[in-house]
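Numbered from 1 within each chain, the chains take letters A, B, ... in sequence-line order. Note that the structure is a prediction, hence the values are computed from the model and not measured.
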Amino acid sequence: MCADSSSTPSTFSSDSKFSSTSRKAASVLSHHPERITSGEQARQLAGIGRKIADKIDEFLQTGHLRKLDKIRASDVAVATAELSRVSGIGPAKARQLIDGGVRTLEELRARPELLNRHQTLGLRYVTEFESRIPRQEAAAIERHVLHRVAELDGRYRATVCGSYRRGAESSGDVDLLITHPDYTSDGAETGRRRTVDGAETGRGRSAAGSATARGSGRSAGGRLLGAVVDHLSQDGFVTDTLSQGDSKFMGVCRLPGAQYTTHRRLDIRLVPHDQYHCAVLYFTGSDEFNRQMRAHALEQGFTLNEYGLRPLGTTGVAGEPVPVGSEREVFEYLQYPYRPPEQRNL
DNA sequence: GTGACGAGCGCATCTCA
DNA sequence: TGAGATGCGCC
DNA sequence: GTCAC
């Protein structure tokens with residue numbers, strides 16, 4: 001994992017228990033319906049222990065936290081936060097840069113040789129990526145993309161998910177899900193696509209990349225996704241690629257027309273046809289809505305994830321995925337009152 | 001006091017045999 | 001050169 | 001760090 005988080009007492013170590021525990025505590029607190037007036041009160045909540053409760057009391061009494069002040073004052077933390085604005089730079093790369101004497105974006109621009117492709121683009125577009133996408137522009141992107149995909153092959157199905165689908169007035173990026181009847185999870189004919197369910201696989205790394213990289217050819221998924229990306233690049237809409245494999249493209253786009261001056265983050269995922277509705281549900285979110293719906297699924301004896309809805313046997317082992325013909329059907333199977341995307345902002 | 005736990009996956013890139 | 005490890009982004 | 005044991 002993190003090379004040596006022990007040697008240098010880092011303020012942010014991404015994988016420490018501290019971060020996830022704090023995240024859990026923060027999540028619990030932020031979802032608590034009532035105002036917290038004492039550490040003792042917060043202590044009653046799941047995930048809040050003595051230390052966090054003490055900090056709540058300190059903040060309530062003094063209006064700030066000594067430890068937080070210290071962290072904010074630390075140069076390394078400031079530099080890490082600054083460098084992490086760049087997409088593709090995380091805690092490890094930031095530390096490496098700081099160790100090499102680079103602490104600001106200005107200094108980073110002077111050392112382009114230190115960055116890989118993703119990071120180079122992240123630096124180029126750092127300000128543009130930080131600006132929100134107004135709903136009107138996201139809608140224009142949606143129209144453009146759906147039109148272009150349809151003219152490429154009318155059998156594609158595509159949906160813009162994320163906060164845009166939930167009706168948000170602005171979005172951070174555009175998340176497009178696409179599917180095609182020729183691409184299914186059983187991988188018949190298309191060649192090697194294991195039936196993914198994400199439940200019992202650990203951190204399984206497959207050799208997905210090698211099939212694409214080799215000259216011989218792309219998988220069915222690679223071709224279907226590649227065709228869409230190529231088509232969207234033809235007219236200049238897709239301007240850059242951060243990464244692209246057989247099933248996921250991450251890149252940059254900008255609509256034609258003088259009124260659109262800002263480059264936007266665009267993700268395109270190719271999803272197996274039989275998993276499409278569960279994927280759309282999942283990628284529409286919100287995070288909290290997904291958690292609640294999954295919890296409800298468990299109570300109903302199902303397991304729900306982006307790959308499908310599966311019944312749980314008496315032993316707790318997941319069975320075969322239930323065929324799902326629409327997002328609404330997932331709700332119905334679970335006897336969960338249907339909520340349109342605009343009402344999933346939890 | 002001790003051990004389990006924290007999401008998990010796709011892609012790019014590094015590391016090492 | 002290829003398998004595995006690591007870093008990163010992301011509901 | 002927090003929780004269940």
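The side chain of F283(A) approaches dC11(C) more closely than any other nucleotide in the set dC11(C), dT13(B), dC8(C). The nucleotide whose nearest atom lies closest to any side-chain atom of R117(A) is, among dC8(C), dG9(C), dT13(B), dT13(B). When each of dA12(B), dC11(C), dC9(B) is scored by its nearest atom to the side-chain atoms of S243(A), the top-ranked nucleotide is dA12(B). Checking dG9(C), dC8(C), dC10(C) against every side-chain atom of A92(A), the shortest atom distance belongs to dC8(C). Nearest nucleotide to the D267(A) side chain, out of dC10(C), dA7(B), dC8(C): dC10(C).
Between R265(A) and the phosphate of dC10(C), there is a side-chain N or O to OP1/OP2 separation shorter than 4.0 Å. One finds a side-chain N or O of S247(A) lying less than 4.0 angstrom from the OP1 or OP2 phosphate oxygen of dC11(B).
For the pair N116(A) CG and dG7(C) C1', the interatomic distance rounds to 10 Å; values are reported in whole Å. Going from atom CG of L225(A) over to atom C1' of dC11(B) covers 12 Å, rounded to whole Å. dG9(C) atom P lies 12 Å from atom CZ of F129(A), rounded to whole Å. The interatomic distance linking L97(A) (CG) with dG7(C) (C1') rounds to 13 Å, in whole Å. N305(A) has its CG atom 9 Å from the P atom of dC9(B), to the nearest Å. dC11(C) atom P lies 18 Å from atom CE of M293(A), rounded to whole Å. In this structure, Q96(A) places its CD atom 16 Å from P of dT6(C), rounding to the nearest Å. Taking atom CG on D175(A) and atom P on dC11(C), their separation rounds to 6 Å, with Å as the unit.
Only the P atoms considered, dC3(D) is 16 Å distant from dA7(B), to the nearest whole Å. Annotation: dC5(D) and dG6(B) have their P atoms spaced 15 Å apart (nearest Å).
Residues K248(A) and D267(A) form no side-chain contact, since every pair of their non-hydrogen atoms from C-beta on lies 4.5 Å or further apart. At a threshold of 4.5 Å between non-hydrogen side-chain atoms, the residues V252(A) and V238(A) do not count as touching.
Here S286(A) lies out of heavy-atom contact (under 4.0 Å) with every strand.
The ring of F237(A) has its center closer than 6.0 angstrom to the ring center of H144(A).
Taking the ring axis of Y164(A) as reference, the NZ or CZ atom of R135(A) stays within 45° of it and closer than 6.0 Å to the ring centre.
For the pair R223(A) and D246(A), the salt-bridge criterion is not met [side-chain N within less than 4.0 Å of a carboxylate O].
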